[in-house]
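Here is the structure we will look at.
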Amino acid sequence: MHLHKYEKIWLAFGVAALVVFLSVVGVSAFSHDHTPAGGMETIDPKKVNETAPFDKPGVTQLDDDTYQVAVVSMAFGYNAPELKVPAGKEIIFKVTSTDVVHSFTIDNTKVNLMVVPGQITTKSYTFEKPGKYLILCNEYCGTGHHLMYNEIEVY
Ligand code: CUA
């Protein structure tokens with residue numbers, strides 16, 4: 001196969017650009033110790049219901065200013081009874097799935113988590129305004145996807 005001189009130059013340029021790009025991404029990821037946005041915690045998806053904190057899903061007060069909310073996602077709903085949390089306090093959401101990929105999205109907030117079986121997704125959030133917030137799944141997860149929602153009350 002004969003390559004024209006200009007083709008070789010462009011090929012070399014393309015390969016060099018790729019090497020530079022991947023090096024920048026790789027070096028910055030390792031030097032800044034990047035992890036997935038939701039954290040690196042794992043869980044056996046078959047043992048979710050017997051693994052803390054998902055054996056008792058719902059709200060737990062950790063200290064005066066911190067609450068934990070454990071939620072189990074499954075087709076097609078959230079196991080999260082009585083979600084009531086105070087405004088102005090740190091709420092740590094911990095969410096996992098027993099089956100497929102879902103999301104845990106709270107309407108009108110910056111909480112928009114991908115929920116992956118085998119992983120525990122963690123996100124800290126502080127609600128500014130009291131009210132009732134819709135929780136919904138925005139990852140298509142099956143025929144009941146549109147039925148997958150819940151509510152959290154902020155007081
Ligand atoms: Cu769960 Cu869509």
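Hydrogens, waters and symmetry mates are skipped; everything else that's a heavy atom, side chains included, is used. Sequential numbering from 1 along the given sequence is applied to the chain's residues. Whatever order the structure lists ligands and atoms in, that order sets their numbers, starting from 1.
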Tell me, which protein N/O/S atoms are under 2.8 Å away from atom 1 (Cu) of ligand 1? H102 ND1, C137 SG, C141 SG, M148 SD
Is the gap between the ring centers of Y78 and F104 under 6.0 Å? yes
Look at atom CZ of F30 and say whether more than 12 heavy atoms of other residues, nucleotides or ligands are closer to it than 6.0 Å. no
Pair C137, Y149 - check side-chain contact (heavy atoms from CB on, under 4.5 Å), show working. CA-CA 6 Å; C137 177; Y149 60 88; over 6 Å; no
For M114, does its backbone N or O pair with a side-chain atom of T121 as donor and acceptor, under 3.5 Å? yes
Taking atom CD as the centre, does E50 end up with more than 12 heavy-atom neighbours from other residues, nucleotides or ligands that are less than 6.0 angstrom away? yes
T42 versus Q119, side-chain donor and acceptor atoms under 3.5 Å: no
